[in-house]
Amino acid sequence: MIETGTDIAYAAKCIAEGKLVAFPTETVYGLGANAFNPLAVARIFEVKQRPTFDPLIVHISEISQIHDLYDSHISDSVYALAQAFWPGPLSIVHKKSAAVPDIVTAGMETVAVRMPSHPIALELIRLSGTPIAAPSANRFGQLSPTRPEHVQKQLTDVAYLLKNEYKMVGVESTVVSIQDGKCVLLRPGAISLNEIQKVVPCTALSKESSQDKLHAPGLLNSHYSPNKPLYILDGDIDHLPLNSGVVLHQKRTDVTNASRVIYTSETHNSVEIAANLFIALHAMEDDTTVSQIFIESVEEVGLGVAIMDRIRKASYRYR
Ligand code: AMP
Ligand code: MG
């Protein structure tokens with residue numbers, strides 16, 4: 001069992017000593033290490049069993065820290081996006097400074113940076129005295145954690161786990177890249193493309209580029225998956241196989257032969273759906289009466305784009 005508590009100063013001491021800390025952010029739980037300590041960062045990959053071609057997001061607590069992470073010529077678009085969305089769930093990929101270790105960026109010339117808005121995350125970064133590199137605190141490819149027990153379920157070998165007292169968005173940050181004066185959305189997330197376009201012109205990643213490892217490292221088709229078959233529910237709900245778990249996003253009365261039904265929302269409210277998506281999938285994963293999971297799709301507008309992205313990736317192997 002990972003030692004768990006609310007002692008942010010102790011957690012910061014662990015980071016400063018090159019150890020790993022699991023901590024809440026406003027999106028999901030992160031597994032953090034000092035971004036400037038390559039050995040500590042290497043342990044993140046080891047503990048998560050994450051392939052080293054998948055770069056990490058570096059978390060900061062002060063805007064001035066971008067000067068240690070990005071190259072000296074920082075684009076105006078970066079400042080405009082930071083001004084509009086930080087602290088908050090937007091990660092900005094931009095040319096990196098030489099000080100950022102290669103292991104953080106998977107050897108790329110760019111680094112993803114964000115300033116989380118979660119008070120515990122901000123205090124942890126501040127007290128650590130260093131930017132913190134952190135992916136989600138789950139085993140590679142598996143469900144993202146939004147509760148301390150989700151982290152306990154998947155990881156060991158972590159120095160400390162900070163408890164959360166606040167609500168989480170439930171899906172990961174939006175990732176945009178600012179390169180050669182252009183903004184490209186690499187991963188849909190808690191902030192929609194539409195909101196970003198109100199600040200800088202920005203386009204979604206093209207289909208061809210999303211196949212290209214250089215443009216979209218780590219954007220795998222299969223990701224965020226429970227350890228049981230997960231299918232997207234289309235239409236008929238009467239003929240479910242035996243031992244089926246069903247995840248729904250609005251009240252319905254026609255589910256009669258499921259072993260378990262979990263609602264992420266009763267009214268198709270996308271904020272509720274996002275916050276409860278991984279909680280519902282973890283609960284289905286843990287339920288021994290459930291052998292396969294069916295999940296409703298959601299309308300792809302606003303936050304729904306990120307929710308559907310996670311549902312498609314989580315169910316990718318079962319299409
Ligand atoms: P997470 O596992 O949620 O921390 O996600 C990190 C994701 O951010 C990676 O899988 C990449 O898709 C994206 N990312 C991080 N750094 C970069 C980068 N330098 N260039 C492009 N994408 C990046
Ligand atoms: Mg992740």
Side-chain angles (χ1 to χ4, degrees), residues 20 22-33 35 41 44-45 47-60 66 69-71 78 89-97 100-116 118 121 131-146 150-151 154-155 168-180 182-191 202 204-206 209-226 274 277-278 281-282 306 309-310 313-314 316:
L20 304 189
F23 65 100
T25 77
E26 74 278 24
T27 57
V28 302
Y29 256 91
L31 179 64
V41 174
I44 293 180
F45 287 90
V47 166
K48 274 189 62 111
Q49 297 172 3
R50 176 173 171 123
T52 46
F53 62 74
D54 195 359
L56 305 182
I57 295 168
V58 179
H59 296 70
I60 58 174
I66 62 174
L69 296 163
Y70 292 142
D71 184 53
V78 170
L90 179 71
S91 301
I92 306 176
V93 172
H94 198 49
K95 192 163 185 322
K96 81 174 187 78
S97 87
V100 179
D102 282 342
I103 184 136
V104 171
T105 65
M108 289 190 308
E109 290 302 302
T110 53
V111 62
V113 177
R114 90 174 182 99
M115 188 192 295
H118 195 291
I132 295 182
S136 49
N138 52 285
R139 289 255 183 122
F140 181 70
Q142 297 185 9
L143 287 174
S144 297
T146 52
H150 298 160
V151 181
Q154 294 191 14
L155 301 184
M168 289 185 170
V169 179
V171 293
E172 290 78 357
S173 63
T174 304
V175 181
V176 295
S177 145
I178 305 288
Q179 271 173 283
D180 309 323
K182 278 191 283 199
C183 171
V184 178
L185 176 87
L186 300 181
R187 174 174 77 180
I191 293 171
C202 197
L205 189 67
S206 68
S209 304
S210 68
Q211 308 298 321
D212 174 355
K213 276 231 156 63
L214 274 178
H215 278 91
L219 294 185
L220 307 172
N221 289 329
S222 175
H223 211 107
Y224 317 109
S225 305
L277 178 69
F278 287 122
L281 292 174
H282 273 286
D309 172 73
R310 305 308 187 266
K313 287 182 174 155
Y316 185 77

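Just so you know, ligand 1 is whichever comes first in the structure, and atom 1 is the first atom listed for that ligand.
- In the vicinity of L186, heavy-atom distances shorter than 4.0 Å reach the ligand 1 atoms 21 (C), 22 (N).
- Taking only nitrogen or oxygen atoms, main chain and side chain alike, K48 does not reach within less than 3.5 Å of ligand 1.
- Summarising the geometry of T146 relative to G170, their closest heavy-atom pair is CG2-CA, 4.0 Å, with the distance given to 0.1 Å.
- Contacts with ligand 1 closer than 4.0 Å are made by side-chain heavy atoms of R187 only, the backbone lying farther away.
- Neither the backbone nor the side chain of T105 comes within 4.0 Å of ligand 1, counting heavy atoms alone.
- Near R50, meaning under 4.0 Å from one of its heavy atoms, ligand 1 places the atoms 2 (O), 6 (C), 10 (O).
- Checked options V176, I57, V113; the residue passing with I92 is V176 (criterion: side chain to side chain contact (heavy atoms under 4.5 Å, CB included)).
- Short contacts between ligand 1 and D54, defined as distances under 4.0 Å to a heavy atom of the residue, involve ligand atoms 9 (C), 10 (O).
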(message) Using the rule given for side-chain hydrogen bond (donor to acceptor under 3.5 Å, both in side chains), can you reason through T27 versus S173, listing the C-alpha separation, both sets of side-chain angles and the distance that settles it, and then say yes or no?
(response) CA-CA 6 Å; T27 57; S173 63; 5.8 Å; no
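- For ligand 1, the atoms lying closer than 4.0 Å to a non-hydrogen atom of M108 are 18 (C), 19 (N), 20 (N).
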(request) Could you walk me through whether Q179 and T110 pass side-chain hydrogen bond (donor to acceptor under 3.5 Å, both in side chains), step by step? (result) CA-CA 9 Å; Q179 271 173 283; T110 53; 5.1 Å; no
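- The existence of a salt bridge linking E26 and R114 is confirmed by a sub-4.0 Å separation between a basic side-chain nitrogen and an acidic carboxylate oxygen.
- Between K96 and ligand 1 there is no heavy-atom distance shorter than 4.0 Å.
- Minimum interatomic distance between V78 and Y70 (heavy atoms only, all atoms of both residues): CG1-CE1, 3.8 Å.
- Counting heavy atoms closer than 4.0 Å to ligand 1, residue K95 contributes nothing at all.
- In this structure, F140 has its ring center closer than 6.0 angstrom to the ring center of H223.
- Listed for the R310 side chain is no donor-acceptor partner under 3.5 Å among the backbone atoms of F278.
- Contact annotation for I57 and ligand 1: only side-chain heavy atoms (C-beta onward) come within less than 4.0 Å of the ligand.
- The contact set between ligand 1 and T110, taken as ligand atoms under 4.0 Å from a residue heavy atom, comprises 18 (C), 19 (N), 20 (N).
- For a distance bound of 2.8 Å, the N, O or S atoms of N138 include none lying that close to the Mg ion (ligand 2).
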